[in-house]
Amino acid sequence: MKARSEAWLYVAPATLFLFLVMLVPLAYVAYTSFTTAGGDFSIAAYQRLFGSELFRRTLWSTFEISILASLSSLLLGYPIAMHLARQTPRKRAIFMVLVLVPFWTSILVKSYAFTVLLGRAGLVNQLLTWLTGDTVQLPMLFNRFGVMVGMTNYLIPFVVFPVLASLLAIDKSLYRASEIMGARPPRIFLRITLPLSLPGVAAAVLSTTVMSMGFFVIPALLGGRQDVMMSNLVDFYTRETMDWNMASAIGVILLGIVTLAAVGASTLKKSGNRAEVPA
């Protein structure tokens, strides 16, 4: 009992801080979404949203971009995690620092840097022009490609670390046994490495997809009109039309989607753990 009371002394300040910083603003956003300008209860904002073609297109675009960014990050991050898993602890620590390099620069600065790299007169097109001898002006900005490049650059570390944790947890004796039995590297990967790393893959895909849904700067600077996401729509209703009820309703809907995804992932994890328990 004494240990529990002492624990509350340490936990209470952080709990109070989170309540004031997160729960109170979220409650106010939810309250605003269900009220009118006069303070009366109303669901008019949600009715207008679901009847809006702009909202439906933006919602679909948000899901599409988030899933594509998550999968592209997985395709690039998984080989990096495999390479790190095969290194000695000392080399792995050095390489992990390199993986964290994208966090050392502001996402706004990196987005502007990509405009220099990917523009029609950017460094990439200049390099291709020099290699081919012809003028090359590939459209890599203000479209889906630019958004994918920017988001993938940011999300890769969130893929590498969960997958790396799963790979390091695999018993090395399984690899030795499979090699003794004559299994080739592709078969070892498909029958051992990939299945046993799926928990890390699932965690990486879920976390990056959820994070992608709230991106604002990258779609705004690197995307086009077809790449508007929910956060950009919130900005439109708060700055352009000054409709705080609609903006709050979008925020509540986005929060609900993220919450459902987290609950679904937790359920899948629990069911997987129960399945692993021997009868």
For Thr35, does its backbone N or O pair with a side-chain atom of Ser42 as donor and acceptor, under 3.5 Å? no
Answer yes or no: is there a side-chain heavy-atom contact under 4.5 Å between Leu196 and Leu174? yes
So do the side chains of Gln226 and Ser61 get within less than 4.5 Å of each other, counting heavy atoms only? no
For the residue pair Ala45 and Asn245, what are the closest heavy atoms and their distance? CB-O, 3.7 Å
Would you say that more than 12 heavy atoms from the other residues, nucleotides or ligands in this model lie under 6.0 Å from the CZ of Phe17, or not? no
Okay, side chain of Asn153, backbone of Gly150: is any donor-acceptor separation there less than 3.5 Å? no
Is the shortest distance from a Lys or Arg side-chain nitrogen in Arg56 or Glu53 to a carboxylate oxygen in the other one below 4.0 Å? yes
Using 0.5 Å steps for rounding, measure from the OH atom of Tyr112 to the CD1 atom of Ile107. 12.5 Å
Minimal non-hydrogen separation, Trp244 against Thr32, with atom names: O-CG2, 3.9 Å
Are the side chain of Asn125 and the backbone N or O of Gly122 linked by a donor-acceptor pair below 3.5 Å? no
Do Asp243 and Arg48 have side-chain heavy atoms sitting under 4.5 Å apart? yes
Spatial distance of atom CZ (Arg57) from atom CD (Glu64) [nearest 0.5 Å]: 13.0 Å
Is there a side-chain contact between Leu221 and Phe114 (heavy atoms, below 4.5 Å)? no
Distance col, row Ile156:CD1 vs Tyr78:OH, nearest 0.5 angstrom, shows 15.5 Å
For Pro162 and Ala203, which heavy atoms make the closest approach, and how far apart are they? CB-CB, 4.4 Å
Under 3.5 Å: donor-acceptor pair, side chain of Asn143, backbone of Gly146: yes
If only side-chain N and O atoms count, and only distance matters, is there a donor-acceptor pair under 3.5 Å linking Thr129 with Thr135? no
Common cluster, Leu128/Trp130, ILVMFWY with side-chain heavy-atom separation under 4.5 Å: no
From CA spacing to verdict: side chain to side chain contact (heavy atoms under 4.5 Å, CB included), Phe189, Met82: CA-CA 10 Å; Phe189 173 77; Met82 286 190 62; 3.6 Å; yes
State plainly whether one hydrophobic cluster holds both Leu117 and Ile218, where clusters connect Ile, Leu, Val, Met, Phe, Trp and Tyr through side-chain heavy atoms under 4.5 angstrom apart. yes
Test item: Ser33 side-chain N/O and Ala30 main-chain N/O as donor-acceptor pair under 3.5 Å: yes
Is it the case that the side chain of Gln126 and the backbone of Ala121 share a donor-acceptor pair, with hydrogens and angles ignored and the cut-off at 3.5 Å? yes
Minimum-distance pair of heavy atoms, taken over all atoms of Ala204 and Val163: CB-CG2, 4.3 Å
How long is the straight-line distance from CG of Leu54 back to CG of Leu59, given to the nearest 0.5 Å? 11.0 Å
Could you please spell out the steps behind the side chain to side chain contact (heavy atoms under 4.5 Å, CB included) verdict for Val228 and Thr62? CA-CA 7 Å; Val228 177; Thr62 299; over 6 Å; no
Flag for Tyr31-Ser248: side-chain donor and acceptor within less than 3.5 Å: no
Sole residue of Leu131, Val124, Leu123 in side-chain contact (heavy atoms from CB on, under 4.5 Å) with Leu127: Leu131
To the nearest 0.5 Å, tell me how far Leu74 CG sits from Leu155 CG. 11.5 Å
Can a donor-acceptor pair be found between the side chains of Ser70 and Thr208 at a distance below 3.5 Å? yes
Are the side chains of Phe158 and Val205 in contact, using a 4.5 Å heavy-atom criterion? no
Applying the 4.5 Å side-chain criterion to the ILVMFWY set and letting contacts propagate, would Phe34 and Tyr237 be lumped into a single cluster? yes
Would a 4.5 Å heavy-atom cut-off, applied to side chains only, mark Met242 and Thr238 as touching? no
Answer with yes or no whether the hydrophobic clustering places Leu76 together with Leu164; edges join I, L, V, M, F, W, Y residues whose side-chain heavy atoms lie under 4.5 Å apart. yes
More than 12 heavy atoms of other groups within 6.0 Å of Leu100 CG: yes
Using 30° and 60° as the class boundaries, would you call the ring planes of Phe50 and Tyr46 parallel, tilted or perpendicular? parallel
Could you walk me through whether Ser73 and Tyr154 pass the side-chain hydrogen bond (donor to acceptor under 3.5 Å, both in side chains) test, one step at a time? CA-CA 9 Å; Ser73 301; Tyr154 183 84; over 6 Å; no
Roughly how far, to the nearest 0.5 Å, is the CG atom of Leu98 from the CD1 atom of Ile80? 10.5 Å
Run Thr241 and Met246 through side chain to side chain contact (heavy atoms under 4.5 Å, CB included) and show every step you take. CA-CA 10 Å; Thr241 65; Met246 294 281 280; over 6 Å; no
Identify the two heavy atoms, one from Met151 and one from Ile65, that lie closest to each other, and give their separation to 0.1 Å. SD-CG2, 3.5 Å
Would a hydrophobic clustering, with Ile, Leu, Val, Met, Phe, Trp and Tyr connected at side-chain separations under 4.5 Å, put Leu118 with Leu68? yes
Less than 4.5 Å apart, any side-chain heavy atom of Val149 and any of Met140? no
Could you check whether atom CZ of Arg187 has more than 12 heavy atoms from other residues, nucleotides or ligands sitting under 6.0 Å from it? no
Within the structure provided, determine whether Arg191 and Ser178 are in side-chain contact (heavy-atom separation under 4.5 Å). no
Side-chain donor-acceptor pair present, Ser173, Asp171, cut-off under 3.5 Å: yes
Between Pro219 and Met229, what is the shortest heavy-atom contact and its length? CG-SD, 3.4 Å
Let me see the working for Phe161 and Val99 under side chain to side chain contact (heavy atoms under 4.5 Å, CB included), right down to the final yes or no. CA-CA 9 Å; Phe161 291 109; Val99 173; 4.1 Å; yes
